[in-house]
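Data first, discussion second: the structure below is written as structure tokens.
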Protein chains: 2
Amino acid sequence: MSQQTPHLLRADARDNRDRVLEAARTLFAEQGLAVTMRQIARRAEVGPATLYRRFPTKQTLVEAAFADEVRACRGIVESGCAAPDPWRGLCSVIEGLITLNARNHGFTEAFTAAAPDADVFTTHRAALLTLLTGLIRRAREAGALRRDATVHDLVLILQAGRGLSALPPARRDQAARRFATLVIDGFRPVVTSRPQLAGPVPSQP
Amino acid sequence: MSQQTPHLLRADARDNRDRVLEAARTLFAEQGLAVTMRQIARRAEVGPATLYRRFPTKQTLVEAAFADEVRACRGIVESGCAAPDPWRGLCSVIEGLITLNARNHGFTEAFTAAAPDADVFTTHRAALLTLLTGLIRRAREAGALRRDATVHDLVLILQAGRGLSALPPARRDQAARRFATLVIDGFRPVVTSRPQLAGPVPSQP
DNA sequence: AAGCTAACGGACGCCGGCGTCCACTTACCG
DNA sequence: CGGTAAGTGGACGCCGGCGTCCGTTAGCTT
């Protein structure tokens with residue numbers, strides 16, 4: 001499941017490194033990136049120095065810990081784009097990404113980081129955005145998508161999905177699926193024959 | 001705009017109290033509840049002791065700082081419920097609450113707090129939920145709302161809205177409005193005549 | 001104007017995380 | 001089995017927030 005650990009490390013070092021990564025993944029997923037390096041070291045039953053030797057910076061630890069998630073993202077997006085029907089592909093992307101994000105408080109935080117300083121995820125993000133732009137375009141041209149939908153809307157709802165990872169872990173999955181359902185229906189073409197009781201909503205004073 | 005400060009305070013004390021509240025509101029809105037008491041004191045140009053004298057606990061400060069927002073919430077919900085057309089009322093509630101939340105990083109955090117220990121907002125939340133339940137029911141009975149929609153869905157999308165307050169302040173408003181639009185369309189009845197290319201989405205392996 | 005007391009804020013001790021150093025341990029290799 | 005270098009983690013000094021104390025300032029009252 002994880003990337004191969006460099007075999008140049010001594011056996012015990014390799015072991016400690018793995019334990020650190022596992023601890024980091026667990027804590028990041030549960031509590032987000034705010035967990036301290038110390039907390040991670042303690043959970044891995046390792047001294048602070050050991051942690052810092054392998055991962056001099058929290059950034060490097062975050063990258064290593066979320067390598068799997070980045071791959072999962074790629075997989076979700078690529079298989080969605082490869083689907084013969086762009087609308088179904090888009091649906092699976094939406095559900096997949098929202099669920100993945102809801103499961104991983106920390107990953108979402110890292111991947112949608114507001115501060116892009118030295119952000120290694122930026123590259124991945126850009127690549128995925130390109131793919132998604134194409135998918136959206138195809139779905140729109142197929143008439144399966146509301147006309148005014150853009151890739152920015154997709155980013156927007158993923159950004160909104162961040163809120164879900166604040167829920168208690170037990171409820172995140174169900175919430176994510178339901179949210180995906182609602183959002184997907186919101187992406188469908190606006191059918192004027194549907195009950196049009198609502199006009200523009202007056203903004204709140 | 002704010003609640004009247006107790007007149008039993010000396011003039012300078014009253015002044016400092018107001019400055020503290022203003023500082024707290026600004027910082028909470030921009031950066032969320034994680035700002036330190038010290039930061040607030042510094043911005044208010046007040047010693048820590050003064051801050052603690054008026055607000056012994058961060059919780060008391062949060063409550064005081066967000067009194068306006070709580071009122072605004074009530075207003076939005078009540079006026080939405082009072083609307084003759086429940087669907088339009090619901091739309092205005094959704095847009096109003098999402099926008100309010102996006103504007104106020106800290107308020108959202110406080111109001112949707114996962115840890116309800118000694119949470120004074122709980123009471124307000126409960127009251128609003130009751131109102132909203134009725135509104136949803138009426139909208140559904142009027143056929144303006146998808147049949148499977150419940151008040152939980154509304155809470156869900158408000159929870160999701162938390163993610164928006166992580167955006168840079170300049171973009172929050174526009175993002176909130178767009179998000180509200182998408183969500184509102186997702187709440188409309190599912191019209192089977194619309195392009196039904198999508199079936200159930202296979203969950204990601 | 002003068003006294004009284006509310007109010008102020010700098011300073012204190014405490015805690016916990018930060019990143020680093022170094023004396024000790026232990027896995028690996030010949 | 002022994003030498004050696006890789007690896008370890010406790011301890012250190014630093015910083016910044018925490019909540020409180022108390023000597024000083026200044027608003028209100030008569």
Side-chain angles (χ1 to χ4, degrees), chain A residues 2 4-28 30-65 105-106 109-110 113 115 117-118, chain B residues 2 4-28 30-65 105-106 109-110 113 115 117-118:
Chain A
S2 295
Q4 61 290 353
T5 314
H7 280 256
L8 324 111
L9 286 179
R10 232 169 62 176
D12 55 345
R14 190 181 119 83
D15 221 59
N16 280 335
R17 199 189 117 103
D18 288 348
R19 296 226 309 289
V20 165
L21 278 178
E22 193 195 321
R25 274 191 269 263
T26 306
L27 292 178
F28 284 154
E30 282 174 2
Q31 311 182 38
L33 301 183
V35 292
T36 66
M37 293 293 258
R38 239 74 176 184
Q39 278 178 276
I40 296 170
R42 278 195 293 265
R43 179 178 241 266
E45 295 182 283
V46 146
T50 301
L51 172 53
Y52 280 109
R53 193 172 316 112
R54 296 299 156 226
F55 306 100
T57 269
K58 190 184 252 185
Q59 178 70 16
T60 62
L61 176 56
V62 167
E63 286 165 26
H105 197 153
E109 221 172 322
D117 46 278
Chain B
S2 294
Q4 61 291 354
T5 313
H7 280 255
L8 323 112
L9 286 180
R10 230 168 61 178
D12 55 345
R14 189 180 121 82
D15 220 60
N16 280 335
R17 199 190 117 102
D18 289 346
R19 298 226 308 289
V20 164
L21 278 178
E22 194 195 321
R25 274 192 269 264
T26 307
L27 292 178
F28 284 154
E30 282 175 2
Q31 311 182 38
L33 300 183
V35 292
T36 65
M37 294 292 260
R38 239 73 176 187
Q39 277 177 278
I40 296 169
R42 277 194 293 264
R43 180 178 241 267
E45 296 181 282
V46 147
T50 301
L51 172 52
Y52 281 108
R53 194 172 315 112
R54 295 298 157 229
F55 307 100
T57 268
K58 189 185 254 187
Q59 178 70 17
T60 61
L61 176 57
V62 167
E63 285 164 28
H105 197 154
E109 221 173 322
D117 46 279

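As the structure is a prediction and not an experimental result, all values here were calculated from the model. Chain A is the first sequence line, chain B the second, and so forth, proteins listed ahead of strands; every chain is numbered from 1. Excluded from the calculations below are hydrogen atoms, water molecules and symmetry mates; all remaining heavy atoms, backbone and side chain alike, are included.
- For the OP1/OP2 pair of C:dA7 and a distance below 4.0 Å, the side-chain nitrogens and oxygens of B:Thr50 include no atom meeting the criterion.
- Here the side chain of B:Ala11 is nearest to one of D:dT8, D:dC28, C:dC18, namely D:dC28.
- Other residues, nucleotides and ligands contribute at most 12 non-hydrogen atoms within 6.0 Å of the CD atom of A:Glu22.
- Considering only heavy atoms from C-beta on, A:Leu21 comes within 4.5 Å of A:Phe55 through its side chain.
- Contact check for B:Glu30 versus B:Val35: no side-chain heavy atoms found under the 4.5 Å cut-off.
- For the pair B:Ala24 and B:Leu61, the tightest heavy-atom approach, listed with the atom from each and the gap, is CB-CD1, 4.0 Å.
- Nucleotide C:dC8 holds its P atom 13 Å from the CZ atom of B:Arg14, rounded to whole Å.
- No side-chain heavy atom of A:Pro48 sits less than 4.5 Å from a side-chain heavy atom of A:Met37.
- A donor-acceptor contact under 3.5 Å links the side chain of A:Arg38 to the base of C:dG19.
- Not a single donor-acceptor pair, N or O on each side, falls under 3.5 Å between the base of C:dA7 and the side chain of B:Arg10.
- Going from atom CD of B:Gln59 over to atom P of D:dG19 covers 13 Å, rounded to whole Å.
- Both B:Tyr52 and B:Asp12 lie near DNA chain D, and the one whose nearest nucleotide falls closer to the 5' end is B:Tyr52.
- B:Glu45 places its CD atom 14 Å from the P atom of C:dC8, with the value rounded to the nearest Å.
- One interatomic measurement links the two molecules: CD1 of B:Ile40 to P of D:dG17, which rounds to 12 Å at whole-angstrom precision.
- Remark: C1' of C:dA6 and CZ of B:Arg17 are 16 Å apart, rounded to the nearest angstrom.
- In the set C:dC8, C:dG10, D:dG17, the nucleotide with an atom closest to the side chain of B:Arg54 is C:dC8.
- In this structure, the nucleotide among D:dC18, D:dG7, C:dG9 sitting nearest to the side chain of B:Arg53 is C:dG9.
- Here the nucleotide nearest the side chain of B:Ala13, chosen from D:dG7, D:dG17, C:dA7, is C:dA7.
- Taking atom CZ of B:Arg43 as the reference point, atom P of C:dG9 lies 17 Å away to the nearest angstrom.
- Whole-Å rounding puts the B:Asn16 CG to C:dG9 C1' distance at 10 Å.
- Summarising the geometry, the separation between CG on A:Leu8 and P on D:dA5 is reported as 18 Å, rounded to the nearest angstrom.
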